[in-house]
Protein chains: 2
Amino acid sequence: MANTSSADKNSTGARSGPKLEQLLSAASNLMAREGYDQTSIRDVARETGLSLAGMYYYFQSKEDLLYKIQHRTFSSLLDEQEKTISEAGDAEEKLRRLVQNHLSYYTRHFNEMKICTFELQSLKGDRYKNIEKLRRRYFKMAAEIVGEILGPSGNRADRGNDARHYTLFIFGMLNWIFMWFDPKRDAPVEDLGEKLVHLTLHGLHGRRGQKQSRG
Amino acid sequence: MANTSSADKNSTGARSGPKLEQLLSAASNLMAREGYDQTSIRDVARETGLSLAGMYYYFQSKEDLLYKIQHRTFSSLLDEQEKTISEAGDAEEKLRRLVQNHLSYYTRHFNEMKICTFELQSLKGDRYKNIEKLRRRYFKMAAEIVGEILGPSGNRADRGNDARHYTLFIFGMLNWIFMWFDPKRDAPVEDLGEKLVHLTLHGLHGRRGQKQSRG
DNA sequence: TTGCGGTTGGAACAAACGTTCGATAGCTAA
DNA sequence: TTAGCTATCGAACGTTTGTTCCAACCGCAA
């Protein structure tokens with residue numbers, strides 16, 4: 001179940017339902033294209049046909065709008081991941097599922113995910129802390145899988161940092177996809193995910209499909 | 001030598017020298033911390049002691065300021081890379097130098113690099129095109145190295161896309177470092193670069209520390 | 001001294017922004 | 001009908017922003 005804390009007070013009342021979803025969706029679309037700062041509440045209002053003042057019936061502030069997008073998207077992704085990964089077998093399979101789920105979720109909620117990935121720093125105070133908490137939970141989940149694949153630490157001094165670094169490398173590959181992915185050129189994402197997992201496990205030298213013999 | 005085209009008209013006159021460098025440096029510092037949109041020209045002026053109007057003696061516009069930062073930083077990095085890589089031996093060594101140079105430049109010009117990495121989309125028209133051109137040159141340089149490591153293509157259908165994808169994965173790892181790097185925890189960058197190269201070449205399963213002889 | 005071009009600052013402007021206020025419909029329960 | 005709640009609107013306020021104008025300063029050559 002997803003985190004709920006002091007910054008989501010206004011899930012009470014009628015400020016929910018399909019209208020809210022529509023507003024969040026339109027806002028995500030604009031913000032993913034133009035960025036959070038460059039998207040005004042007026043833009044979102046215009047896009048949805050709602051008046052400017054009407055927006056403030058659904059959101060306390062612009063930052064609250066951003067927060068709602070991030071919180072919904074992130075906790076939904078997190079739930080999906082924790083459910084799927086727990087059913088996996090060994091660590092490699094868990095990693096594969098983590099990557100493929102991430103990319104799958106990504107294609108279904110491109111705009112929202114882009115916002116989650118690049119607009120965290122636009123949140124302040126409690127709202128920042130809440131999303132940061134979700135992010136950390138996501139990271140920890142991945143880091144444990146990577147640590148499992150690396151095997152027991154102990155030989156090198158900062159072996160503890162290894163899992164952290166490699167996990168951050170993986171998230172780097174995943175998150176950077178927003179910057180270049182082109183459906184016409186790079187679909188299907190499943191293949192992309194396979195490449196990513198393959199690179200992570202075996203590197204460029206690990207043969208795939210067919211191979212040269214090695215020393 | 002770095003690209004020069006229609007958008008850098010104002011390198012004429014006295015609008016250069018240490019004062020310009022100071023302004024660009026202060027602006028980079030603020031923009032790396034708060035983002036381009038959240039940094040006003042007034043902020044930069046206040047930081048440097050120059051008046052608001054005085055800023056417009058050095059920059060045609062706020063976007064021009066951003067462009068100057070990106071152009072200088074990127075062409076300098078590009079020059080450095082092309083020089084160093086041409087001296088390298090095999091493809092693996094080239095990749096290693098590419099990564100280590102990138103990270104080295106990165107530590108010397110953290111703020112400017114962060115801006116180059118994340119604020120491209122804030123440029124429009126010719127300014128956008130010019131930086132995009134530099135970026136493409138950088139990418140091509142890397143992609144050729146990766147292609148060389150992968151070996152001759154021809155077996156799989158979209159093998160041509162492989163080098164592109166793997167290169168983008170590498171840039172993903174590199175660029176994402178901005179999001180988490182902590183000098184107290186992650187220095188020295190040379191070790192980080194080694195880890196990145198090792199993952200790229202051999203993956204998590206490749207042995208490290210105890211190394212096997214090769215070829 | 002005068003003159004001049006490179007450099008700087010004070011003041012102002014128009015536009016855009018986030019936010020608030022008060023009013024007004026529509027609906028439902030008493 | 002009345003009372004109250006949900007949903008929406010037009011208008012406005014105060015602030016910040018990028019940018020411009022123009023006057024003034026500086027150092028140096030004539």
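Throughout, a chain's letter reflects where its sequence line sits, starting with A, and its residues are numbered from 1. In this text the structure is predicted, and so the values were computed from the model without any measurement. Computed from heavy atoms alone, side chains included, the values below leave out hydrogens, waters and symmetry copies.
- Going from atom CG of A/Asp64 over to atom P of C/dG18 covers 14 Å, rounded to whole Å.
- Checked against side-chain hydrogen bond (donor to acceptor under 3.5 Å, both in side chains), B/Asp43 has the following partners two or more places apart in sequence or in another chain: B/Ser40, B/Arg46.
- Among residue pairs with one or both ends in residues 101-110 of chain A, those qualifying as salt bridge (charged side-chain N to carboxylate O under 4.0 Å, His left out) are A/Glu80-A/Arg108; sequence neighbours excluded.
- For A/Phe171, the ring-ring contact (aromatic ring centres under 6.0 Å, His included) test picks out A/Tyr138, with sequence neighbours left out.
- Summary for the helix from C/dT1-D/dA30 to C/dA30-D/dT1: the axes at its two ends, each from 5 pairs, differ by 20° when rounded to the nearest 10 degrees.
- Sorted by first and then second residue, the salt bridge (charged side-chain N to carboxylate O under 4.0 Å, His left out) pairs with a member in residues 163-176 of chain A read A/Arg164-B/Asp186; sequence neighbours excluded.
- For the segment residues 44-54 of chain A, the set of residues with a heavy atom within less than 4.0 Å of an atom of DNA chain C comprises A/Leu52, A/Ala53, in numerical order.
- OP1 or OP2 of D/dT19 sits under 4.0 Å from a side-chain N or O of B/Tyr56.
- Listed by residue number, A/Thr39, A/Ser40, A/Ile41, A/Arg42 are the residues of residues 19-43 of chain A with a heavy-atom contact under 4.0 Å to DNA chain C.
- Scored by the side-chain hydrogen bond (donor to acceptor under 3.5 Å, both in side chains) test, B/Glu47 finds no partners at all (sequence neighbours excluded).
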* Hey, mind stepping through B/Glu132 and B/Arg136 against salt bridge (charged side-chain N to carboxylate O under 4.0 Å, His left out) and telling me if it holds? -> CA-CA 6 Å; B/Glu132 170 81 354; B/Arg136 251 201 268 275; 3.5 Å; yes
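- When the shell of 6.0 Å around CZ of A/Phe181 is examined, it contains more than 12 heavy atoms from other residues, nucleotides or ligands.
- One can place OH of A/Tyr58 at 13 Å from C1' of D/dC9, the figure rounded to the nearest angstrom.
- Remark: B/Phe110 engages B/Tyr106, B/Phe178 in a ring-ring contact (aromatic ring centres under 6.0 Å, His included) (not counting sequence neighbours).
- Look at OH on B/Tyr57: it is 6 Å from P on C/dG6, rounded to the nearest Å.
- In this structure, the side chain to side chain contact (heavy atoms under 4.5 Å, CB included) partners of B/Lys62, at least two apart in sequence or on a different chain, are B/Tyr36, B/Ile41.
- For the pair B/Phe59 CZ and C/dT7 P, the computed distance is 13 Å after rounding to whole Å.
- Note: CE (B/Met55) to P (D/dT19) measures 11 Å, nearest angstrom.
- The pair A/Asp64-A/Lys68 meets the salt-bridge criterion, with a side-chain N (NZ, NE, NH1 or NH2) lying under 4.0 Å from an Asp/Glu carboxylate O.
- Heavy atoms of other residues, nucleotides or ligands lying less than 6.0 angstrom from CD of B/Glu21 number more than 12.
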Between protein and nucleotides 3-5 of chain C, what N or O pairs are separated by less than 3.5 Å?
none

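- Partners of A/Arg96 by salt bridge (charged side-chain N to carboxylate O under 4.0 Å, His left out), not counting sequence neighbours, listed by chain and number: A/Glu93, A/Glu194.
- In this structure a side-chain-to-backbone donor-acceptor pair under 3.5 Å is missing from B/Glu82 to B/Met141.
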